[in-house]
Each structure stands twice: as structure tokens, then as C-alpha cells.
Amino acid sequence: MKPRIIVTRRWPDAVEHILAERFDTTFNRGDAPLKPIELKAAFQAFDAILPTVSDSLPASLFPESDSRTRIIANYGVGFSHIDIDAARAQGIVVTNTPGVLTDCTADIALSLLLAVARRAGEGERQLRAGEWAGWCPTHMIGAKVTGKTIGIIGMGRIGKATAKRAHFGFDMDVVFYNRSKVDDEETRAMGARQLPTIEDVLAEADFVSLHCPGGAANRHLINAERLAAMKPGAFLINTARGDVVDQAALVAALESGKLAGAGLDVFDGEPVVPEGLTRLENVVLLPHLGSATEETRVAMGMKAVDNLTAFFDGKEVPDRVV
């Protein structure tokens with residue numbers, strides 16, 4: 001008898017086809033987010049739940065008694081939306097999909113950096129509105145990127161990939177903060193310097209790019225005090241998790257002119273985006289596009305398939321986090 005699984009959102013067709021072949025699969029054809037009551041019920045009805053970053057699984061949704069669900073195969077590298085302690089208490093395995101979205105997320109980080117520095121969003125809005133009066137020497141002057149300093153907060157796979165693009169593509173100096181020591185061929189090739197504190201990175205960087213996990217430990221890691229510690233006229237880029245940044249404090253820093261701009265692909269409380277951000281011209285906003293390429297989204301799905309297959313075959317699960 002095939003394990004019974006539920007996929008909470010639409011996945012690429014190629015992946016859904018394989019899931020349908022290997023498992024007794026319930027798909028969300030309407031692609032609307034499942035309600036908390038539906039997610040709670042899934043723990044008693046399915047052997048596996050396949051959630052995404054948009055599906056919050058707090059402790060309150062986990063069953064008080066034994067759960068039918070034995071594995072949560074998350075579609076994405078981050079898992080701060082899943083209460084890991086609650087899963088562990090129930091003996092539920094949790095997996096993720098690391099590695100496959102590194103390049104595309106780093107690409108988006110650099111896209112945001114360039115777009116906000118060179119005011120590309122403002123320029124396109126002006127052009128589409130028919131308000132461009134033609135070229136002139138003082139029109140929409142932005143910030144030069146080449147030769148500046150980028151500060152990376154979280155020097156994991158994606159942080160390194162972003163730093164590599166910045167250094168080798170735009171001759172940027174790289175400074176970074178990471179909780180553990182990072183000293184390898186990649187960082188040495190870039191001449192990247194690890195600094196002792198986040199504040200040290202913020203004080204030195206012209207562009208700060210966030211690549212740290214979300215969740216309670218890093219909630220509002222970038223708060224009013226740390227925004228104040230950034231160089232005047234610096235830019236903040238976030239492709240990590242929305243809850244890493246205090247959005248109200250960010251709006252205040254942008255409005256005051258302390259920061260020159262921000263590029264954001266993630267938001268606290270997605271899909272809601274504060275009006276304070278949407279009305280600012282010096283902010284580039286993207287709807288969580290970090291992994292949004294056909295190749296990456298399929299690869300993420302296949303990672304989840306591999307994790308599920310290994311688990312139900314009684315083999316070592318490749319990307320187990322719990």
C-alpha cells in the first residue's frame with residue numbers, strides 16, 4: 001500500500017507527476033493556501049505532509065496524541081515556519097531542499113542590489129507612466145556599485161555565492177559576519193574578511209546583504225539600533241527571511257535618509273507588505289522570487305521526492321533536519 005501524502009500547494013507538473021506515481025497523493029489543485037484547521041487535520045489523515053514556506057506549522061497544529069504523519073518534506077531550504085521542537089516531540093522527521101536554490105537566490109540578491117543602487121524600479125515606473133522627459137545630466141542619479149564594499153550576514157552557500165558575484169563581477173570588497181569561523185578556498189579567493197560582530201560589518205559595508213536563517217533566534221536581527229549602525233547612505237538587501245528585519249524600523253531609516261535604499265524579496269507576514277514600504281520610491285520589492293526559475297523549482301521538488309522515497313524505503317534521508 002502506497003504511503004498517503006498531501007501536497008499543500010501546486011508544484012511543477014514534472015514533480016507532481018512523479019509524486020502521483022510513487023505515492024497515494026492528494027494535490028491542492030486550487031493552489032489556495034490551506035487553512036490552519038486543514039493543516040491540523042492533515043497530521044491525522046496523511047503519512048507525509050509536503051508544505052512550503054507559506055504554510056505555517058506552529059506547535060498548536062501538531063496533534064496532542066500520536067500523529068499519523070511521520071515526515072514533513074518541506075519544499076524549500078528554510079524551515080523556520082515549522083515548529084521543529086513539536087516535530088521532534090512527536091517523532092516526526094523534517095527535511096528540506098538545500099543546495100539547489102543557491103545560485104538563483106544569489107542572482108536575485110545581486111538583481112536587487114543593482115536595481116536599488118541604480119534606481120531601476122523608479123526609472124521603469126516613470127517610463128511606464130509616460131513621465132520621462134528625456135535624458136539630462138542630473139536625471140535619476142544613483143549609486144555606483146563597482147569597487148564598493150558588500151557586507152554579508154551569514155556566509156553559508158547563498159552568502160558565498162552572492163559575495164562571489166559581487167567580488168568577481170563588480171570588483172567589490174567583501175566583509176562578512178558568520179556565527180562560526182569561515183576560512184576556506186572560496187573566501188580566501190575573494191579576499192573576504194570575517195569581522196567579529198554584525199555591527200563591524202554594518203559600519204564598513206556600502207551594501208549589506210542578509211543570508212541568515214529566520215525564526216525566533218534571528219527575529220529582528222536587523223533592528224533600529226543596527227540600522228543606525230550602518231554607514232550613512234548604505235543599502236540593505238534581504239533575500240533571507242522577512243522576520244530577520246524589523247520592517248517598521250527599516251521604513252523609518254529609509255524615510256529619514258539614513259539609508260539610501262533597500263531591496264527586499266521577503267517580508268515579515270507574507271504576503272502582506274506594509275504600506276510604509278510600498279509607498280517609498282527608494283525600495284525595490286519582489287514577491288519572493290529567489291528560487292523562481294523552472295530548473296530550480298523542479299530541482300527543489302525532486303529533492304523532496306528523494307527525501308520521501310528514502311524515508312519510506314527505510315534508508316538514510318539525505319536532507320534531514322530533524
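These numbers come from the heavy atoms of this one structure, side chains and all, not from hydrogens, waters or symmetry mates.
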- request: Could you go through the salt bridge (Lys or Arg N to Asp or Glu O under 4.0 Å) check for Arg279 and Glu255 one step at a time?
  value: CA-CA 11 Å; Arg279 63 179 165 77; Glu255 288 180 332; 2.6 Å; yes

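- Dense packing is recorded around CZ of Arg29, with more than 12 heavy atoms of other residues, nucleotides or ligands lying under 6.0 Å away.
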task: Carefully, step by step, assess Asp268 and Arg241 under the rule salt bridge (Lys or Arg N to Asp or Glu O under 4.0 Å).
output: CA-CA 7 Å; Asp268 195 4; Arg241 283 291 180 265; over 6 Å; no

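- Residues forming a side chain to side chain donor-acceptor pair (under 3.5 Å) with Asp107 (at least two apart in sequence, or on another chain): Arg165.
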- request: Show your working on side chain to side chain contact (heavy atoms under 4.5 Å, CB included) between Val266 and Thr239 and close with a plain yes or no.
  value: CA-CA 6 Å; Val266 289; Thr239 57; 5.7 Å; no

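- Salt bridge status for Asp47 with Arg4: absent, with no side-chain N to carboxylate O gap under 4.0 Å.
- Defined by atom type and a distance below 3.5 Å, a donor-acceptor pair is missing between the side-chain atoms of Gln247 and His220.
- With no hydrogens or angles considered, a side-chain donor-acceptor pair links Asp55 and Thr8 at under 3.5 Å.
- Between the OG1 atom of Thr97 and the CG atom of Asn74 there is a distance of 6.5 Å, given to the nearest 0.5 Å.
- Arg68 places a side-chain N or O within 3.5 Å of a backbone atom of Ala45 that can act as its donor or acceptor partner.
- No donor-acceptor contact under 3.5 angstrom links the side chains of Asp173 and His167, judged on distance only.
- A donor-acceptor contact closer than 3.5 angstrom is absent between the side chains of Thr309 and Asp306.
- Between Glu131 and Arg125 there is no salt bridge, since no side-chain N of the basic residue sits under 4.0 Å from a carboxylate O of the acidic one.
- Between Thr296 and Cys104 the shortest heavy-atom distance is OG1-SG, 3.0 Å.
- Contact between Trp11 and Glu16 at its shortest, heavy atoms only, is N-OE2, 3.0 Å.
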Test log, rule salt bridge (Lys or Arg N to Asp or Glu O under 4.0 Å), inputs Glu199 and Arg226: CA-CA 7 Å; Glu199 285 75 12; Arg226 283 184 165 144; 2.8 Å; yes

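- Classified by interplanar angle (parallel below 30°, tilted 30° to 60°, perpendicular above 60°), the ring pair Phe43/Phe62 is tilted.
- Taking each heavy atom of Ser291 and Thr105 in turn, the nearest pair found is N-OG1, 4.3 Å.
- A donor-acceptor pair is defined here as one N or O able to donate and one able to accept, closer than 3.5 Å; such a pair exists between the side chain of Ser256 and the backbone of Ala252.
- Of all heavy-atom pairs spanning Ala109 and Ile237, the tightest one is O-CG2, 3.7 Å.
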